[in-house]
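Read the structure below first, then the notes.
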Number of protein chains: 2
Amino acid sequence: MKEVKADILLVEDDQNLGYMLQDFLEMEGYRIDLQKNGESGLTAFKSRQFDLCILDVMLPVKDGFSLAEEIHLINPQTPFIFVTAKALQSDRIKGLKLGADDYITKPFSTEELKLRIENILRRIGKQQENTHNNVFTIGQIIFDFANQVLQIHGEERRLTKKEALLLKMLCQNVNNLVRREQILLQIWGSDDYFMGRSMDVYIAKLRNYLKSEPTVNIVNIHGTGFKLEVNEL
Amino acid sequence: MKEVKADILLVEDDQNLGYMLQDFLEMEGYRIDLQKNGESGLTAFKSRQFDLCILDVMLPVKDGFSLAEEIHLINPQTPFIFVTAKALQSDRIKGLKLGADDYITKPFSTEELKLRIENILRRIGKQQENTHNNVFTIGQIIFDFANQVLQIHGEERRLTKKEALLLKMLCQNVNNLVRREQILLQIWGSDDYFMGRSMDVYIAKLRNYLKSEPTVNIVNIHGTGFKLEVNEL
DNA sequence: ACTCCCTGTTAATTTATTGTTAACCAACCA
DNA sequence: TGGTTGGTTAACAATAAATTAACAGGGAGT
């Protein structure tokens with residue numbers, strides 16, 4: 001079950017590029033409506049709400065610029081990105097004047113497009129995936145690293161800095177071993193006997209906090225490290 | 001009398017380009033602080049508030065990327081644009097990953113730059129307005145940042161500049177942790193022991209002002225920062 | 001089973017951070 | 001000049017967190 005990060009209207013007449021982008025963006029967690037010309041693009045836009053539009057400039061039936069104008073007329077809020085093969089200065093300026101939030105020229109990497117989309121969505125306040133917010137779900141428990149808080153069945157439990165750091169490390173490696181020395185070096189700064197004992201104390205504390213979740217366990221791998229085990233149902 | 005549209009920090013080592021841009025942007029109604037290297041750029045940034053930063057990537061003393069990182073640390077709100085001669089894909093991606101709001105490559109027309117600036121300012125405009133109106137409601141209390149006044153049950157209490165800045169920061173992150181270093185960097189300009197103690201004194205003052213509201217609390221997250229908690233009814 | 005070493009747990013101790021009040025100082029202003 | 005005001009530093013109390021200690025189990029090899 002993946003949460004949809006945002007609804008995107010993609011208008012691109014080049015079949016190959018269109019499908020490729022659709023696939024890529026869907027894999028990134030966006031819901032895509034792919035249209036092949038300006039007119040169907042406009043119809044699609046009218047039919048429901050989108051968080052973002054990606055428009056090719058050269059489109060059959062109705063070009064990207066006039067499409068953008070009409071979209072802007074219908075909903076001036078909606079941000080849009082132009083994609084184009086032409087690197088013409090004048091074209092870029094025309095796009096930006098129309099209020100384009102971004103303007104990228106082919107060839108571009110999907111990585112770049114992804115970052116630009118994320119940037120725009122972040123700015124308009126669309127909630128990004130929580131992974132960047134550092135919110136983890138551990139069984140029924142919600143761990144908000146940024147606020148150092150654990151939500152256990154409605155109850156809030158505040159964590160100390162070290163507790164939070166340690167739990168984050170385990171969460172980032174759910175169901176995977178994290179070696180003692182790695183934890184010690186990263187959180188305690190160095191790996192000696194006493195630091196190690198200190199860490200064990202913290203493991204005990206975390207176990208205590210998580211004990212209400214039977215599907216969640218911090219298991220010890222003798223002589224090696226720990227693993228946060230979460231058994232999905 | 002010309003209204004200043006925005007304060008822009010421009011860091012560009014190429015004298016010609018730098019002056020040219022400064023002139024152009026000033027004619028456009030922006031107030032420009034031109035710096036010639038990364039280090040002086042950082043100093044300038046610390047010295048006051050900017051609405052936007054335009055950074056060359058290739059800078060003497062401290063490159064644009066690390067400058068951006070530090071700026072982001074001090075005030076994650078501030079948008080920035082990278083300007084560079086290199087059209088390297090990997091560079092563009094690095095910049096965007098750092099959270100750049102835009103990335104434009106030389107040569108570019110001043111017209112394009114102008115449009116991109118307007119775009120960004122327009123986008124942050126809404127939030128800006130709210131935070132430029134700068135009237136927050138904290139439970140029953142009304143905090144007018146612009147006038148540095150707190151309305152507590154009809155009573156007016158005037159705040160000092162630092163008190164107001166600190167309270168604003170907390171308000172902008174209601175119910176969210178604000179880290180000590182971030183407050184210190186943003187308001188006090190640097191993070192050392194005494195600044196920290198000074199801040200603690202201000203926290204005490206604010207707590208005192210807000211103590212009549214039982215639903216409002218400034219809670220300390222030990223070793224990390226503070227959180228303005230407002231419990232809705 | 002015996003032994004060594006690693007881990008679990010709780011409590012005691014030490015260290016670091018914060019709360020608070022007041023003294024101090026510099027800038028501003030009548 | 002002297003009185004305000006805003007801001008910093010100092011000092012001490014109160015807390016919270018982190019480490020250390022102490023002891024009890026447990027695994028793994030012999």
Side-chain angles (χ1 to χ4, degrees), chain A residues 145 147-150 156-170 177-211 216-229, chain B residues 46-47 145 147-150 156-170 177-211 216-229:
Chain A
F145 174 73
N147 286 305
Q148 294 187 191
V149 167
L150 220 50
E156 261 201 5
R157 161 151 257 143
R158 292 172 52 181
L159 300 181
T160 73
K161 191 152 56 169
K162 282 242 158 75
E163 288 168 352
L165 284 169
L166 178 54
L167 184 54
K168 181 169 95 161
M169 235 179 135
L170 291 170
L177 170 68
V178 188
R179 345 195 101 257
R180 289 182 72 90
E181 7 128 17
Q182 197 189 334
I183 297 173
L184 287 170
L185 288 176
Q186 195 167 318
I187 298 179
W188 271 264
S190 84
D191 172 2
D192 68 25
Y193 172 76
F194 288 107
M195 302 286 189
R197 290 332 322 279
S198 192
M199 175 179 77
D200 289 326
V201 171
Y202 277 85
I203 290 285
K205 290 181 186 179
L206 291 184
R207 283 197 176 114
N208 199 31
Y209 299 157
L210 300 176
K211 67 168 179 280
V216 174
N217 262 80
I218 299 179
V219 301
N220 170 254
I221 315 296
H222 197 91
T224 322
F226 295 93
K227 177 164 71 165
L228 177 64
E229 262 185 17
Chain B
K46 280 181 184 165
S47 71
F145 174 74
N147 294 309
Q148 301 191 14
V149 167
L150 219 51
E156 258 200 8
R157 161 151 256 144
R158 306 183 52 177
L159 299 181
T160 71
K161 187 149 60 172
K162 282 247 156 72
E163 288 168 350
L165 283 169
L166 178 54
L167 185 54
K168 181 169 93 162
M169 243 182 126
L170 291 171
L177 171 65
V178 188
R179 342 195 110 256
R180 290 181 72 90
E181 334 112 40
Q182 197 183 326
I183 298 174
L184 287 170
L185 288 175
Q186 199 166 317
I187 298 180
W188 271 266
S190 86
D191 172 1
D192 69 25
Y193 174 76
F194 289 106
M195 301 287 187
R197 288 338 318 280
S198 191
M199 175 178 77
D200 289 327
V201 172
Y202 276 84
I203 290 286
K205 292 180 185 179
L206 292 183
R207 282 197 177 116
N208 200 30
Y209 299 158
L210 300 175
K211 67 167 178 279
V216 173
N217 260 79
I218 298 180
V219 303
N220 170 253
I221 315 295
H222 196 95
T224 317
F226 294 93
K227 178 163 70 165
L228 177 64
E229 260 184 18

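So that the names make sense, note that chain A is the first sequence line, chain B the second, and so on, each numbered from 1. Note that this is a predicted model, so its numbers are computed, not measured.
- For C:dT17, the OP1/OP2 oxygens have no side-chain nitrogen or oxygen of B:R180 closer than 4.0 Å.
- Rounded to whole angstrom, the span from the CZ atom of A:F194 across to the C1' atom of C:dA12 amounts to 15 Å.
- In this structure, A:D200 reaches the bases: a heavy-atom distance under 4.0 Å links it to at least one base atom across the strands shown.
- OP1 or OP2 of D:dT8 lies within a sub-4.0 Å distance of a side-chain N or O belonging to B:K162.
- Within the 4.0 angstrom heavy-atom criterion, only backbone atoms of the sugar-phosphate kind lie near A:F226; the bases stay farther away.
- The 5' end of DNA chain D is approached more closely, in terms of each residue's nearest nucleotide, by B:K161 than by the other of B:R197 and B:K161.
- Side chain to side chain, B:N208 and B:K205 fail the donor-acceptor criterion of an N or O pair below 3.5 Å.
- End-to-end axis angle of the helix from C:dA1-D:dT30 to C:dA30-D:dT1, using five pairs per end and rounding to 10°, comes to 30°.
- Considering only side-chain N and O atoms, A:W188 lies nowhere under 4.0 angstrom from the phosphate OP1 or OP2 of D:dA18.
- Proximity of A:T160 to the phosphate of D:dA17: no side-chain N or O atom is located under 4.0 Å from OP1 or OP2.
- Contact annotation: B:R207 reaches the phosphate of C:dG19 (side-chain N/O to OP1 or OP2, under 4.0 Å).
- Separation of atoms CG (B:N217) and CZ (B:R207) is listed at 8.0 Å; rounding is to 0.5 Å.
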